[in-house]
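Comments concern the structure below.
Atom set for the values below is all heavy atoms of this structure, side chains included, hydrogens, waters and symmetry mates excluded. Chain A is the first sequence line, chain B the second, and so forth, proteins listed ahead of strands; every chain is numbered from 1.
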Amino acid sequence: MSHEETSATDRTGLDFVRTAVAEDRAAGKNDGRVHTRFPPEPNGYLHIGHAKSIVLNFGIAEDFGGVCNLRFDDTNPTREEVEYVDSIQNDIRWLGYDWEDRLFYASDYFEQLYAWAEHLIREGHAYVDELSAEEIREYRGTPTEPGRNSPWRDRPIEESLDLFHRMRAGEFADGALILRAKIDMAHPNINMRDPALYRIRHAHHHRTGDTWCIYPTYDFAHGQSDAIEGITHSICTLEFENHRPLYEWLIDHLPVPSTPRQIEFARLNLTYTVMSKRKLLRLVQEGFVDGWDDPRMPTISGLRRRGYTPEAIKAFCRRIGVSKTNSTVDLALLEFSLREDLNPRAHRYMAVTDPVKLTVTNWPEGQVDWFEAENNPEDPTAGTHSVPFTGSLYVEREDYMDDPPRKWFRLGIGREVRLKYAYFVSCTDVVRDADGTVTEILCTYDPETRGGDSPDGRKVKGTLHWVSRDHGVPAEFRLYEPLFTQEDPDDIGPDADFTDGLNPQSRTVLQGVIEPALAEAAPENPVQFLRLGYYVNDARDSSPDRLVFNRAVTLKDSWARVVRNRRENE
RNA sequence: UGGGGCGUCGCCAAGUGGUAAGGCACCGGGUUUUGAUCCCGGUAUGCGCAGGUUCGAAUCCUGCCGCCCCAGCCA
């Protein structure tokens with residue numbers, strides 16, 4: 001990037017984090033070097049909110065010719081598991097980012113962190129406290145009242161050192177002792193009121209095993225880990241803003257090899273979605289969804305299984321921008337990003353998800369007519385595939401209506417429509433069962449309209465998709481809607497639980513048919529079912545014997561809008 | 001009632017004293033063998049509110065109001 005591009009007068013388009021990074025470079029900080037990191041705690045699966053952070057951190061490194069590390073923030077052995085460290089790496093790679101040989105763990109630094117804790121004690125900046133957790137809380141004061149010094153605060157340095165060594169040696173039970181920084185119990189920022197640095201936890205750690213029974217807190221581990229790795233910009237979310245003074249205090253009081261700068265941005269919220277790991281974990285554990293990768297989950301693995309592409313997710317993350325304003329992004333923007341990505345490249349096929357028979361009564365018995373269907377009208381180089389037409393078809397149940405309203409372009413008795421690629425057909429009658437439900441639509445076709453055009457210039461407004469009953473392959477379709485009925489799932493009464501707002505219609509399973517060419521192609525990438533939406537083979541449940549498709553997103557549907565507006569106006 | 005942040009169109013978001021970018025959504029219209037895509041056009045006399053400074057303010061000053069975060073030995 002040239003000086004012109006980074007100058008203070010030409011920063012239009014740069015978000016505030018990039019602006020800060022550019023200014024630091026211009027000021028010559030870190031010799032112009034830019035080094036970021038993505039620091040997940042392995043206590044859950046990554047979600048779309050993490051994607052925002054990943055795109056930001058890896059994106060900034062890329063933009064400024066730097067690199068980005070992956071570092072697991074694994075300082076709390078009681079909540080962290082290897083399943084999560086594996087899934088996290090998997091998801092980041094799938095998004096298309098590469099940390100190369102820079103995979104780290106905060107636990108890699110436990111020995112160094114321990115030495116730095118000793119350093120703080122020797123310098124008189126930390127002490128071992130014997131107050132209980134409850135007492136510490138009482139002594140801490142409140143936001144409006146200052147706290148009080150612990151009676152152990154001014155104990156001799158040698159005594160704290162000895163106790164700290166014995167904490168490590170395992171002489172004490174969980175919670176009996178704790179190492180605290182000695183800062184200021186009257187500080188207006190509660191994080192500066194002698195914060196905890198090391199606590200006793202006799203727990204097995206997923207990487208260090210039983211080597212340790214004391215573990216550093218987030219505050220004592222994060223900034224120093226950044227410094228060890230030479231991180232120049234430590235980008236995190238807004239709730240850590242209050243921790244920045246402590247982050248800087250520790251960097252100032254320790255002989256660390258570099259001085260990273262913490263910058264905070266607003267985390268992502270999405271309408272109709274919960275994003276907290278705690279809540280997502282509950283959805284999984286209590287069986288409201290089928291796992292972390294359930295296609296309704298906002299997790300990266302859920303979105304992938306749903307049919308979202310890395311490109312769509314990344315485009316979405318760039319489009320929403322980065323700021324410090326708490327915001328909730330419209331789910332429609334995520335959906336738009338997927339359609340935008342898929343439209344030019346997803347192959348088109350026909351599928352009928354809710355089939356009703358359509359019989360062409362004047363079709364020559366046993367005749368099969370083959371048509372060439374374009375794989376993608378947006379891309380002529382995508383080629384074509386063949387689709388068989390017969391007099392025995394399936395069409396979408398919702399494409400027929402008794403006494404249709406104005407502007408209905410589809411089937412109804414006396415109506416003529418085009419069957420995509422094939423012929424014009426006119427509906428002459430329907431067959432019903434005892435309940436009056438339509439079981440078969442009867443039509444006649446016009447042989448002159450082969451290919452879908454009428455030589456007499458006759459126009460038809462509607463074009464329907466269809467599948468031959470003699471050739472169609474059975475398939476299951478899983479249609480998804482938002483997991484929650486309310487735009488803000490957390491906007492509930494004091495006595496309600498967020499799970500009360502779960503959408504009972506979040507998943508609808510339908511049995512239908514697909515055209516034979518698709519069954520043979522078995523593509524792994526999402527396809528577009530004409531007029532329906534983008535679908536992908538379910539990575540878990542679909543097999544050649546039993547095809548299962550997940551609906552990633554519908555197509556924009558202006559007919560649905562007409563219906564909706566009409567209803568609202570009545 | 002302490003400290004730290006944030007308030008620009010329905011949802012995001014540029015803008016950093018010279019007279020309100022862009023995207024999504026929405027509303028019109030055109031093209032169309034997907035009511036899709038694509039293409040045109042429309043939508044903030046206004047930047048939380050009230051004062052003030054200035055030739056000129058979303059941008060500076062003052063005072064209010066609203067929302068978010070902090071009293072884990074979670075991150």
Side-chain angles (χ1 to χ4, degrees), chain A residues 8 11-15 39-41 43 73 75-76 78-80 129 131-133 136-138 140-147 174-180 187-193 195-201 214-215 217-219 221-222 236-245 264 266 271 277-278 319-337 339-340 343-344 348 350 374 376-378 407-410 418-422 424 449 451-453 460-465 487 528-533 554-562 565:
Chain A
R11 60 164 89 119
T12 298
L14 284 193
D15 58 67
E41 181 190 12
N43 69 340
D73 227 327
T75 58
N76 186 350
T78 61
R79 325 200 308 171
E80 296 150 7
D129 198 351
L131 252 28
S132 69
I136 285 180
R137 194 183 323 123
E138 287 164 24
R140 188 156 30 225
T142 69
T144 54
E145 300 162 311
D174 286 8
L177 259 43
I178 189 163
L179 181 71
R180 293 226 260 167
H187 198 108
N189 182 336
I190 292 175
N191 292 306
M192 297 297 268
R193 318 237 265 228
L197 267 26
Y198 258 94
R199 66 296 211 196
I200 300 172
R201 280 255 205 299
I214 59 173
Y215 293 91
T217 58
Y218 163 85
D219 285 314
H222 201 94
C236 61
T237 43
L238 250 27
E239 66 270 29
F240 294 102
E241 203 156 23
N242 295 330
H243 292 245
R244 196 168 69 224
E264 314 82 14
T271 56
K277 278 200 252 183
R278 203 198 102 247
R319 186 145 24 214
I320 57 177
V322 182
S323 75
K324 300 191 70 152
T325 313
N326 281 311
S327 62
T328 302
V329 176
D330 194 335
L331 228 206
L333 189 59
L334 214 212
E335 297 183 333
F336 168 81
S337 297
R339 294 189 190 106
E340 171 192 56
N343 177 241
R348 271 63 166 172
M350 291 196 286
E374 51 197 346
N376 189 333
E378 307 292 317
K407 291 193 184 168
W408 173 262
F409 303 156
R410 291 122 92 152
R418 171 167 43 232
L419 295 180
K420 178 80 175 175
Y421 300 123
F424 283 10
T449 59
D453 272 316
V460 112
K461 284 259 184 61
T463 301
L464 308 187
H465 61 278
E487 204 169 291
Q528 184 196 102
F529 286 143
L530 247 38
R531 302 210 304 135
L532 297 176
T554 61
L555 256 30
K556 253 181 79 176
D557 187 351
S558 55
W559 170 246
R561 204 161 54 221
V562 169
N565 291 345

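- Counting any heavy atom pair closer than 4.0 Å across all strands shown, Asp219(A) reaches no nucleic acid atom.
- Across all strands shown, Glu264(A) has no heavy atoms under 4.0 Å from either base or sugar-phosphate atoms.
- For a distance-only test at 3.5 Å, the side chain of Arg339(A) fails to qualify as a donor-acceptor partner of the base of rU37(B).
- Rounded to a whole angstrom, the distance from the P atom of rU59(B) to that of rG18(B) is 12 Å.
- For rG28(B), the base adopts the anti conformation, since its glycosidic angle falls more than 90 degrees from zero.
- Residue side chain His465(A) does not reach the base of rA36(B) through any donor-acceptor N/O pair under 3.5 Å, judged by distance alone.
- Using a 4.0 Å heavy-atom distance criterion, Pro344(A) is classed as making no nucleic acid contact.
- Summarising the geometry of Asn191(A) relative to Asn242(A), their closest heavy-atom pair is ND2-O, 3.1 Å, with the distance given to 0.1 Å.
- Between Leu333(A) and Ile320(A), the closest heavy-atom pair is CD2-CG2, 3.8 Å.
- For Lys556(A), the listed nucleotide lying nearest its side chain is rA25(B); candidates were rA25(B), rG35(B), rC73(B).
- Atoms CG (Leu555(A)) and P (rU34(B)) sit 11 Å apart, rounded to a whole Å.
- Within 4.0 Å of Phe240(A), counting heavy atoms only, lies at least one base atom of the nucleic acid.
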Annotated protein contacts, base or backbone, on nucleotides 3-13 of chain B with a non-hydrogen cut-off under 4.0 Å, one of B, S, - each: BSSSS---SSS
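- Base-pair partner of rU1(B): not found among the strands shown (Watson-Crick or G-U wobble, both distances under 3.5 Å).
- Nucleotide rC64(B) forms a Watson-Crick or G-U wobble pair with rG48(B), both donor-acceptor distances falling under 3.5 Å.
- In this structure, Arg348(A) reaches the bases: a heavy-atom distance under 4.0 Å links it to at least one base atom across the strands shown.
- Using a 4.5 Å heavy-atom cutoff, the side chains of Arg531(A) and Leu464(A) are in contact.
- Under 3.5 Å, the side chain of Arg410(A) and the base of rG35(B) form at least one donor-acceptor pair of N or O atoms.
- Across all strands, Lys407(A) comes closer than 4.0 Å to base atoms (heavy-atom distances).
- In this structure, Phe409(A) forms an aromatic stack with the base of rG35(B), since both conditions hold: centre separation below 5.5 Å and plane angle below 30°.
- Between Asn565(A) atom CG and rC27(B) atom P there is a gap of 6 Å when expressed in whole angstrom units.
- Within the nucleic acid shown, Ala133(A) comes within 4.0 Å of at least one base atom, counting heavy atoms only.
- If you check every strand for non-hydrogen atoms under 4.0 Å, Arg79(A) touches a base.
- Regarding Ile214(A), its CD1 atom lies at a distance of 16 Å from the P atom of rC73(B), rounded to whole Å.
- Contact annotation for Phe336(A): backbone-only contact, meaning every heavy-atom pair under 4.0 Å involves sugar-phosphate atoms and none involves a base.
- In this structure, Leu131(A) reaches the bases: a heavy-atom distance under 4.0 Å links it to at least one base atom across the strands shown.
- Contact annotation for Thr75(A): backbone-only contact, meaning every heavy-atom pair under 4.0 Å involves sugar-phosphate atoms and none involves a base.
- Across all strands shown, Ile136(A) has heavy atoms under 4.0 Å from base atoms, whether or not it also approaches the sugar-phosphate.
- Closest approach of Asn43(A) to Glu80(A), counting heavy atoms only: CB-CG, 4.4 Å.
- Nucleotide rA57(B) is matched to nothing when pairs are restricted to Watson-Crick or G-U wobble geometry with both distances under 3.5 angstrom.
- Searching all strands for a Watson-Crick or G-U wobble partner of rA71(B) with both distances below 3.5 Å returns nothing.
- In this structure, the CG atom of Asp174(A) is 10 Å from the C1' atom of rC73(B), given to the nearest Å.
- We find that Arg348(A) and Glu374(A) are not joined by a salt bridge, their nearest charged nitrogen and carboxylate oxygen being 4.0 Å or further apart.
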